[in-house]
Amino acid sequence: MKEPDLRKTLRKNLRRGGELLEIIHQRPKRNRVKLVLLCDVSKSMELYSSFLLQFMYAFQQVYARMETFIFSTSIRRITPFLKKQNFREAMQLLGGENSRWSGGTRIGESLHTFLEEYGKLIDKKTIVIILSDGWDTGNITELEKSMESIHRKAKKIIWLNPLAGYATYRPETASMQAAMPFINVFAAAHNAESLKRLGKWL
């Protein structure tokens with residue numbers, strides 16, 4: 001039985017706006033990694049939210065062993081919404097549950113809650129992907145401790161930052177400085193081309 005090929009599917013479909021028209025399959029591999037995707041939907045990420053929602057939906061459709069969460073001042077699991085076959089239906093359901101969207105950002109507290117409630121999802125076969133610009137109004141010490149804990153438990157942490165697509169950007173905020181020692185891959189996530197590169201790190 002063949003399984004969806006994440007890299008080829010994203011490469012072929014992201015330019016179409018995230019609503020998958022074709023899923024590319026491959027022969028199954030042994031010991032395939034699991035993915036946990038944590039997406040920042042705070043006010044500072046509002047410019048990118050529509051694009052990133054399409055990205056999260058595309059990922060969830062082609063990768064069975066995946067859990068997806070959104071966070072701002074708190075964190076929420078949205079995996080069931082993204083498993084809907086119809087993209088517009090999924091977005092409508094999420095739109096009706098958006099009370100936690102476009103608020104402040106407490107990355108450390110959100111990650112701490114994630115570890116307490118869903119930490120069992122992470123093991124050495126898990127790649128954790130964090131989508132965030134790194135602007136944080138929360139507890140930096142808690143962010144550092146949570147990142148250290150995730151790094152210790154997971155196979156790899158990939159942090160995708162929309163601001164990293166700008167040549168002048170430097171990860172100099174206190175939150176990014178606290179997180180950087182525990183990040184295996186730090187890359188841009190500002191357009192479809194940047195997200196296609198994600199495949200080489202999975």
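Numbers for residues simply follow the sequence, beginning at 1. All values below come from the heavy atoms of this structure, side chains included, with hydrogens, waters and symmetry mates left out.
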Would you please test Ile70 and Ile75 for side-chain contact (heavy atoms from CB on, under 4.5 Å) and show each step?
-> CA-CA 6 Å; Ile70 55 172; Ile75 195 162; over 6 Å; no
Can you check side-chain contact (heavy atoms from CB on, under 4.5 Å) on Leu160 and Ile129, steps first, answer last?
-> CA-CA 7 Å; Leu160 302 177; Ile129 303 170; 3.9 Å; yes
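Within 6.0 Å of atom OH in Tyr169, more than 12 heavy atoms from other residues, nucleotides or ligands are found, so the atom counts as buried in its surroundings.
Leu143 has its side chain within reach of Asp136: a pair of non-hydrogen atoms, C-beta onward, lies under 4.5 Å apart. In this structure the side chain of Ile158 never reaches within 4.5 angstrom of the side chain of Ile130, judged on heavy atoms. You'll find the side chain of Phe114 reaches within 4.5 Å of the side chain of Leu38, heavy atoms only. Considering only heavy atoms from C-beta on, Ser74 stays 4.5 Å or farther from Glu109 through its side chain. A heavy-atom distance below 4.5 Å is not found between the side chains of Thr79 and Met66. With a 4.5 Å cut-off on side-chain heavy atoms, Ile150 and Leu111 count as touching. In this structure, the side chains of Glu67 and Leu37 stay at 4.5 Å or more apart for every pair of heavy atoms. By the 4.5 Å heavy-atom criterion applied to side chains, Thr105 and Met45 are not counted as neighbours.
Within the structure, the side-chain hydrogen bond (donor to acceptor under 3.5 Å, both in side chains) test picks out the following pairs touching residues 126-135 (sequence neighbours left out): Asp40-Ser132, Ser44-Asp133, Asp123-Thr126. Pairs of residues two or more places apart, or lying in two chains, never qualify as salt bridge (charged side-chain N to carboxylate O under 4.0 Å, His left out) while including a residue from residues 139-166.
Between Tyr118 and Phe69, the ring center distance clears the sub-6.0 Å criterion.
Ile107 and Ile140 fall into different hydrophobic clusters, where Ile, Leu, Val, Met, Phe, Trp and Tyr residues are linked whenever their side-chain heavy atoms come under 4.5 Å apart, directly or through other members. One hydrophobic cluster holds both Val185 and Leu163 under the rule that ILVMFWY side chains link at heavy-atom gaps under 4.5 Å.
Here the closest heavy-atom approach between residue Ala188 and residue Gly165 is recorded as CB-N, 3.6 Å. Closest approach of Gly108 to Ser146, counting heavy atoms only: O-OG, 3.6 Å.
Under the side-chain hydrogen bond (donor to acceptor under 3.5 Å, both in side chains) criterion, Thr68 pairs with Gln60, not counting sequence neighbours. Scored by the side-chain hydrogen bond (donor to acceptor under 3.5 Å, both in side chains) test, Thr137 finds no partners at all (sequence neighbours excluded). A search for side-chain hydrogen bond (donor to acceptor under 3.5 Å, both in side chains) contacts involving Glu172 returns nothing, not counting sequence neighbours.
If you check the side chains of Ser72 and Ser42, you find no donor sitting under 3.5 Å from an acceptor.
Judged by distance alone, with hydrogens and angles left aside, the side-chain atoms of Lys124 form a donor-acceptor pair with the main-chain N or O of Ala154 at under 3.5 Å.
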Which donor-acceptor pairs under 3.5 Å do the side chains of residues 175-184 make with protein atoms, sequence neighbours left out?
from   : atom 1 : to     : atom 2 : distance (Å)
Ser175 : OG     : Gly134 : O      : 2.1
Ser175 : OG     : Thr173 : OG1    : 3.3
Gln177 : NE2    : Pro171 : O      : 2.6
Asn184 : OD1    : Ile157 : N      : 2.7

